[in-house]
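Letters A, B, ... are given to chains in the order of the sequence lines, protein chains preceding strands, and every chain is numbered from 1.
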Amino acid sequence: MSGYVEHIRNEAFAAKLALTYSEFFDGISPVKQRVSLRISDNALEIKNVETMQVTRWPLKSIREVPDLSDKAAVIFAGDNEDPARLVIREAEALQTLVESGAPLHRLRGPRGQLRRLGVMGVIAAACFGGLLFGLVPWFANAAAERIPAEAEIAMGQELFNQIYVGTGSSVCTAPDGVAALETMQARLTSGADLPLPLTLRVVRNGTVNATALPGGQVTIHSALIEAAESPDEVAAVLAHEIGHVAHRDGTRGQLRAMGSYGLIGLLFGDVFGFSAAAGVTGAVLDASYTRDAEARADAFAHEMLETADVSPAALGTFFERLAAAEGDMDLGLLRHLSTHPETLERIEAARHAGEVSAATGTILSDGEWASLRTICSIDGSGGALDGEIPPDGGKL
Amino acid sequence: MAILRTAFSGDRGDLFLLALKTSALTLVTFGLYRFWAKTRLRRWYWSSVRPGGTPLEYTGTPWEKLTGFLFAIVLLAIVLTLANLVGILTVIDLMETMPEAYMGALVSLPAVIFPLWFFARYRARRYILSRTRWRGIRFGMEPAAWGYAWRACMYWVLNICTLGLTWPLLTFQLEKYLTDRTWFGNARFTQHGSFLRLYGPLLPFLFCVWGGIALWGYFIYANGGGEAAFNAFQLNEVWALIGGLVTIPLAALFGIYYRVASIRVMADLKTLGDGIEFDLYPRTRKILKIYFFGWWKTYIAAGFVSNVVFGAVLGVLWLTGNFTPDMAVNPPINVAIAIGVLTYLMLMLMAQTFRQTFITYPLVEHIAQSAEIHQPAFLGSIRQRDEDSRGDAGGFADALDAGAAF
């Protein structure tokens with residue numbers, strides 16, 4: 001419709017605008033210019049009232065500078081790239097410019113920004129993927145194979161102090177219980193070829209869990225012994241942890257954690273203290289690392305239990321009971337395991353190993369099992385576990 | 001007209017709404033919107049500072065910030081991982097010989113980041129200046145971030161070793177390094193003067209710190225020296241009170257006074273191009289007042305609004321029958337966690353918003369209104385400069401949390 005009507009409209013607008021003066025900065029010099037404005041041929045004509053020099057801005061490319069705090073002045077640019085600026089302070093001039101048909105989009109940055117972002121996004125994803133799933137695990141595995149035993153043991157002891165002693169979980173030392181534990185360990189490991197000597201301990205801790213730290217440090221929580229209904233179930237968990245020792249998974253895990261220290265935190269910035277989000281991401285990532293390691297340790301445990309004449313089904317039985325009892329108990333690490341599909345697979349694998357197994361024995365006699373259950377009583381002369389668990393973990 | 005004064009315009013209510021909107025979006029996008037939030041707030045603040053009546057303009061974009069952030073974290077991730085791997089080898093080595101050094105080594109791994117922090121600050125300043133315009137002319141800064149980073153590290157080590165005696169040297173040399181590399185169009189800023197000019201405002205601080213040390217030394221000497229005297233000093237309550245409750249806060253206060261005064265002194269000694277001069281009159285008392293009352297107002301307002309919103313949510317739940325008084329006495333664990341998390345997020349959101357309105361706003365207002373440009377006639381000879389390359393667009397500062405109030 002660039003016909004007669006448009007012509008008249010522009011003429012009328014030009015008549016109004018020609019009366020108004022504005023400030024103009026040409027983008028070359030910081031000197032303020034007084035200009036008059038008029039419209040012709042779908043363009044805004046900006047004329048310096050002293051030098052009579054004219055700048056033409058096509059109406060459709062004029063941009064408004066956004067997020068201005070001062071509503072008394074509106075600032076325009078000729079297009080997205082042009083550094084020149086026009087400052088309009090008079091409401092009437094502004095009104096007519098708005099009505100002139102110029103689209104007056106907001107000023108945006110230069111072209112190609114989205115493409116650059118896309119390329120950078122791909123590079124960043126590849127880089128983080130390569131570091132977290134390639135370089136760091138590879139390095140941790142290689143270092144775990146070469147680390148001297150003394151260094152590994154010292155590292156594990158340091159971690160044990162930090163995780164248990166530092167948080168008030170003391171080691172249980174009732175003599176009969178310790179003897180029963182040693183019997184269990186001896187029966188399980190007889191003939192086994194382990195890269196490191198085991199350091200087996202029970203600690204007072206209210207979460208149903210067991211850990212294998214670097215350097216052969218295997219720790220069973222008192223609540224796990226309490227939750228088990230037979231010594232074979234404890235033996236099954238212990239065999240699983242010994243599997244981690246055999247494969248040096250604790251060392252690998254610790255070296256991997258050190259290698260990826262701070263990487264996840266980088267992704268989240270720190271505006272609202274999103275370190276919690278970083279923590280969750282880290283945990284998910286860790287679970288993805290450990291899935292294979294868990295399956296390997298389970299397979300190791302099945303074999304070890306079979307050799308000790310204990311049915312590998314005990315591992316599955318224990319997991320099943322935990323899954324069933326969830327809600328009444330503070331399950332710690334096993335809580336999330338029990339809700340994961342992998343746990344169902346692990347129970348299934350244990351059941352299958354039990355079906356083909358010829359084992360018929362149990363790992364401890366009834367008397368030894370009773371002793372093991374009192375390992376955390378203070379003098380070792382009886383008394384149930386229940387009263388001995390420290391108040392922070394006394395949910396069982 | 002020989003002086004261009006600076007006006008500050010902008011309505012606190014507008015800023016409140018803008019900060020609330022952008023902070024809320026940042027929260028629900030897990031921080032991703034912060035690049036947009038930062039851009040919009042900067043645009044708003046820049047446009048409210050008006051030297052000679054013409055507002056500054058901020059032309060940075062959120063897209064380039066996000067791109068720059070990704071670029072920065074990729075480089076940082078590589079550097080950090082390599083440092084971590086070297087750290088692992090060191091730790092393994094230490095484990096064999098001195099296991100007790102293990103935790104120390106673990107904690108010192110992130111120290112690699114420290115020089116990078118200064119690097120990031122320089123880059124961020126360079127980015128912000130390259131995206132700032134006044135009267136259509138771009139500001140700019142030369143690429144010299146590494147030079148800045150190592151100088152900053154050296155001066156800081158020296159300053160800590162001399163217990164503040166060389167603080168003026170640090171302040172002046174670093175400010176000069178920054179100023180002499182800053183441009184407006186094709187005109188360069190210059191920092192004149194010498195660090196000796198800054199000892200005046202530092203005297204109260206030095207007196208306080210060194211006086212405290214002298215008293216300490218005298219006490220140990222008077223008690224016959226040695227470890228026994230040292231322990232007696234620590235056990236003596238009156239001395240501990242004087243040391244802890246008087247010297248330290250006083251030193252902090254004088255330290256702030258020095259920082260504000262040094263900005264004032266150095267602004268007077270800056271020139272631009274052919275002889276444009278500046279004046280900046282921030283007042284220590286005013287700035288302390290803004291910070292002190294600003295924090296109070298921020299947290300009282302944030303706490304109040306959070307409680308009102310929290311109460312409203314409970315009210316709605318109660319009216320719809322989803323909440324019983326019994327749940328208030330003994331809340332189920334997941335409800336308690338949800339309430340805890342929501343309260344925390346609400347408090348963060350409100351604190352972020354009110355911080356802008358009660359601290360950043362009055363601070364920018366005070367400093368802007370105290371700024372003057374002398375000899376503006378020399379502006380006529382200044383011409384435009386080319387646009388700076390994109391670089392990391394402040395991404396390093398964002399990733400390392402080295403940004404300032406904006």
Side-chain angles (χ1 to χ4, degrees), chain A residues 23 25-32 65-70 72-73 75 83-85 87 107-110 113-114 116-117 120-121 123-124 127-128 131 135-136 139-140 143 146-148 150-152 154-155 157-158 162 255 258-263 266-274 277, chain B residues 9-11 14-15 18 26-27 30-31 34 40 43-45 47-48 50 54-55 57 59 61 63-64 66-67 69-71 73-74 76-78 80-81 84-85 87-89 91-92 95-96 99 102-103 106 109-110 133-138 185 345 348 352 379-380 382-384 398-399 401:
Chain A
E23 291 164 23
F25 300 101
D26 60 8
I28 299 166
S29 149
V31 174
K32 188 190 287 184
V65 175
D67 284 326
L68 292 177
S69 72
D70 182 13
I75 304 177
R85 292 293 183 267
V87 183
L107 182 67
R108 299 206 179 269
Q113 295 195 96
L114 263 175
R116 266 194 296 275
L117 176 61
M120 204 59 230
I123 293 174
C127 171
F128 271 80
L131 290 176
L135 182 64
V136 170
F139 189 89
R146 285 170 187 72
I147 186 170
E150 308 83 54
E152 204 177 337
M155 185 193 287
Q157 187 59 48
E158 191 64 45
Q162 213 182 315
L255 293 180
M258 286 162 67
S260 57
Y261 183 90
L263 282 190
L266 273 183
L267 283 172
F268 285 95
D270 207 17
V271 190
F272 283 107
F274 277 120
Chain B
S9 67
D11 179 67
D14 288 348
L15 173 66
L18 184 64
T26 304
L27 201 61
F30 292 98
R34 69 178 181 275
R40 299 197 61 183
R43 276 191 206 137
W44 193 90
Y45 278 115
S47 73
S48 58
R50 314 195 307 162
T54 312
E57 187 184 332
T59 59
T61 71
W63 303 102
E64 71 187 6
L66 181 52
T67 311
F69 170 72
L70 291 174
F71 172 70
I73 61 170
V74 161
L76 288 175
I78 293 171
L80 190 64
T81 307
N84 283 349
L85 298 189
I88 289 177
L89 295 178
V91 163
I92 290 176
M95 270 296 158
E96 278 187 284
Y102 171 60
M103 285 315 291
L106 213 58
L109 282 184
R133 290 181 197 171
W134 180 61
R135 297 186 160 194
I137 301 296
R138 299 182 185 96
L345 292 180
M348 292 305 287
Q352 189 85 351
L379 285 171
I382 294 175
R383 291 291 175 273
Q384 184 66 287
D398 188 89
D401 208 17

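Most heavy-atom pairs under 4.5 Å with chain A, from the set B:T81, B:L379, B:L89: that is B:T81. With chain A as partner, the option from B:S47, B:G185, B:G10 having the largest number of non-hydrogen pairs under 4.5 angstrom is B:S47. The candidate with the highest count of non-hydrogen atom pairs below 4.5 Å against chain B, out of A:A73, A:A124, A:P83, is A:P83. Among the candidates B:L85, B:T54, B:I382, B:V74, the residue making the largest number of heavy-atom pairs closer than 4.5 Å to chain A is B:L85. The choice from A:I75, A:V65, A:D26 that makes the most heavy-atom pairs within less than 4.5 Å of chain B is A:V65.
With sequence neighbours left out, the side chain to side chain contact (heavy atoms under 4.5 Å, CB included) criterion links B:R383 to A:I28, A:S29, B:N186. Remark: B:R133 pairs with no residue by the salt bridge (charged side-chain N to carboxylate O under 4.0 Å, His left out) rule, at least two apart or across chains.
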Between A:K32 and A:V87, does the side-chain contact (heavy atoms from CB on, under 4.5 Å) criterion hold? Intermediate values first, please. CA-CA 10 Å; A:K32 188 190 287 184; A:V87 183; over 6 Å; no
Step-by-step side-chain contact (heavy atoms from CB on, under 4.5 Å) determination, B:N84 to A:V136: CA-CA 9 Å; B:N84 283 349; A:V136 170; over 6 Å; no
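The part of B:I137 that comes within reach of chain A is its side chain, from C-beta onward, which places non-hydrogen atoms under 4.5 angstrom from that chain.
The structure places CZ of A:F25 at 12.5 Å from CD of B:Q384, a figure rounded to the nearest 0.5 Å.
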